[in-house]
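This report concerns only the one structure given below.
This is a predicted model, so every value here is computed, not measured. Hydrogens, waters and symmetry mates are skipped; everything else that's a heavy atom, side chains included, is used.
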Amino acid sequence: MIEKRPKMLGILRLIKLGLIGRALICSALFVILLVACTQEKPLKISAVKDRSAMPQLHATEVTTVISDSGITRYRISTPRWDVYDRAAQPYWEFPKGIHLERFNPDLKVDANIHSNYAKFNQNEKIWELKGKVRMINLQGELFETEHLFWNQNLERIYSDTLVRITKAQGIINALSFESNQSMTRYSFRNATGPIVVPEDKR
């Protein structure tokens with residue numbers, strides 16, 4: 001019996017050492033998993049606070065027609081078109097410019113407008129065009145200005161900035177301008193001209 005005690009003690013020590021080793025390994029694995037989990041938390045993305053500042057629709061290189069009561073009224077071409085439907089006053093924006101053609105009831109283009117920037121107020125149906133605004137009517141008369149408004153409800157086009165009108169008979173410069181939608185009947189204030197254009201310059 002005396003000879004067997006050291007062997008038993010050795011076995012017990014080995015068992016204890018094995019249990020401690022396993023406990024250490026489990027603890028180490030738990031710490032590794034805990035660190036890994038804390039480091040890989042999903043990124044939190046803040047919610048959009050101002051939905052009105054974000055366009056509902058963003059489109060590039062667009063050419064489309066717009067109808068009213070089933071009749072084609074306009075054709076729009078633009079490099080970029082943003083629609084802000086949640087703004088206090090919903091609007092379309094064309095930050096890189098627009099080319100717009102207006103059709104008469106016979107589907108003939110009776111006016112076209114080009115500008116470097118455009119904005120359309122959907123509720124009031126008012127267009128604002130800025131930057132090298134150019135308009136041509138059925139008579140081929142060219143209207144040029146830097147800032148122009150087009151009220152579709154009132155069917156009026158107007159500007160309070162310098163306007164240059166190039167006609168077959170000459171050139172008229174005016175400080176303000178107002179016209180019907182097809183630009184066939186118009187008036188202006190503080191005009192200079194008509195200035196006769198030489199034949200070789202027409």
Side-chain angles (χ1 to χ4, degrees), residues 55 62-85 87-199 201-202:
V62 178
T63 297
T64 187
V65 294
I66 297 175
S67 300
D68 183 12
S69 302
I71 301 172
T72 301
R73 298 294 186 187
Y74 310 100
R75 178 164 51 216
I76 293 175
S77 299
T78 180
R80 178 175 166 180
W81 186 350
D82 295 327
V83 176
Y84 293 85
D85 65 321
Q89 292 287 334
Y91 66 94
W92 303 345
E93 187 177 36
F94 306 85
K96 294 188 176 181
I98 189 172
H99 181 78
L100 188 144
E101 295 174 323
R102 181 183 180 275
F103 296 96
N104 66 13
D106 298 324
L107 295 181
K108 293 182 180 179
V109 176
D110 62 1
N112 71 73
I113 302 174
H114 181 88
S115 68
N116 290 345
Y117 171 89
K119 183 178 178 180
F120 176 66
N121 183 306
Q122 289 182 263
N123 291 342
E124 298 178 0
K125 294 195 174 180
I126 295 177
W127 288 88
E128 180 183 8
L129 301 104
K130 294 191 290 189
K132 296 185 179 179
V133 183
R134 293 168 57 90
M135 306 169 288
I136 300 175
N137 64 10
L138 277 174
Q139 286 73 41
E141 296 170 332
L142 172 64
F143 300 75
E144 299 172 276
T145 187
E146 286 298 313
H147 199 186
L148 180 83
F149 293 93
W150 174 11
N151 189 318
Q152 287 182 259
N153 285 333
L154 299 178
E155 299 186 352
R156 306 301 292 172
I157 295 174
Y158 53 93
S159 174
D160 290 325
T161 56
L162 182 66
V163 178
R164 179 185 173 96
I165 305 166
T166 304
K167 308 174 64 173
Q169 299 81 10
I171 296 173
I172 298 172
N173 292 295
L175 295 181
S176 64
F177 162 85
E178 187 172 350
S179 169
N180 62 349
Q181 285 192 140
S182 57
M183 296 182 295
T184 54
R185 296 188 306 276
Y186 50 85
S187 61
F188 34 79
R189 293 194 303 271
N190 300 322
T192 59
I195 300 169
V196 177
V197 179
E199 289 290 334
K201 298 290 184 181
R202 292 183 184 175

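Inter-residue side-chain proximity for R73 and R102 is flagged as unmet; no heavy-atom pair is nearer than 4.5 Å. For the pair S77 and I98, the minimum side-chain heavy-atom distance is 4.5 Å or more. Residues I157 and L148 have side chains in contact (heavy-atom distance under 4.5 Å, counting atoms from C-beta outward). By the 4.5 Å heavy-atom criterion applied to side chains, W150 and L100 are counted as neighbours. A heavy-atom distance below 4.5 Å is not found between the side chains of P55 and V83. The shortest side-chain heavy-atom distance between R189 and L175 does not fall under the 4.5 Å cut-off. Within the 4.5 Å cutoff, side-chain heavy atoms of K119 are placed close to those of Y91. A 4.5 Å side-chain heavy-atom check between V62 and I76 finds every atom pair outside the cut-off.
Atoms OG1 and NE2, from T63 and H99 in turn, are 9.5 Å apart once rounded to the nearest 0.5 Å. In this structure, N104 CG and Q181 CD are separated by 12.0 Å, a value rounded to the nearest 0.5 Å. How far CZ of F149 is from OG1 of T145: 10.5 Å, rounded to the nearest 0.5 Å. Rounded to the nearest 0.5 angstrom, N112 CG and I136 CD1 are separated by 5.0 Å.
Although no hydrogens or angles enter the test, the distance criterion places no donor-acceptor pair under 3.5 Å between the side chain of S115 and the main chain of L129. Side-chain atoms of N173 do not come within 3.5 Å of backbone N or O of R164 as any donor-acceptor pair. Between the side chain of S159 and the main chain of H147, a donor-acceptor pair closer than 3.5 Å is present. For N137 (side chain) and D110 (main-chain N/O), no donor-acceptor pair under 3.5 Å exists by modelled atom type. A distance-only check finds no donor-acceptor pair linking the side chain of D106 to the backbone of K108 [under 3.5 Å]. Judged by distance alone, the side chain of T78 and the main-chain N or O of F94 form no donor-acceptor pair under 3.5 Å.
Side-chain N/O atoms of Y117 and E93 include a donor and acceptor closer than 3.5 Å. Checked by atom type, the side-chain pair Y186/E141 shows a donor-acceptor distance below 3.5 Å. Q152 and Y74 share a donor-acceptor pair across their side chains, judged by distance under 3.5 Å alone.
Closest approach of T161 and E146 over heavy atoms only: OG1-N, 4.1 Å. Closest approach of M183 to A111, counting heavy atoms only: CE-CB, 3.8 Å. Taking all atoms of both residues into account, the shortest heavy-atom contact from P79 to G97 is CD-O, 3.6 Å. Heavy-atom minimum distance, E124 versus N151: O-OD1, 4.3 Å.
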Walk me through whether F103 and I71 qualify under side-chain contact (heavy atoms from CB on, under 4.5 Å). CA-CA 9 Å; F103 296 96; I71 301 172; over 6 Å; no
So T72 and L107, side-chain contact (heavy atoms from CB on, under 4.5 Å) or not? Walk me through it. CA-CA 7 Å; T72 301; L107 295 181; 4.0 Å; yes
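Using a cutoff of 4.0 Å between basic side-chain nitrogens and carboxylate oxygens, R134 and E144 are scored as salt-bridged.
For F177 and F188, the ring centers sit 6.0 Å or farther from each other.
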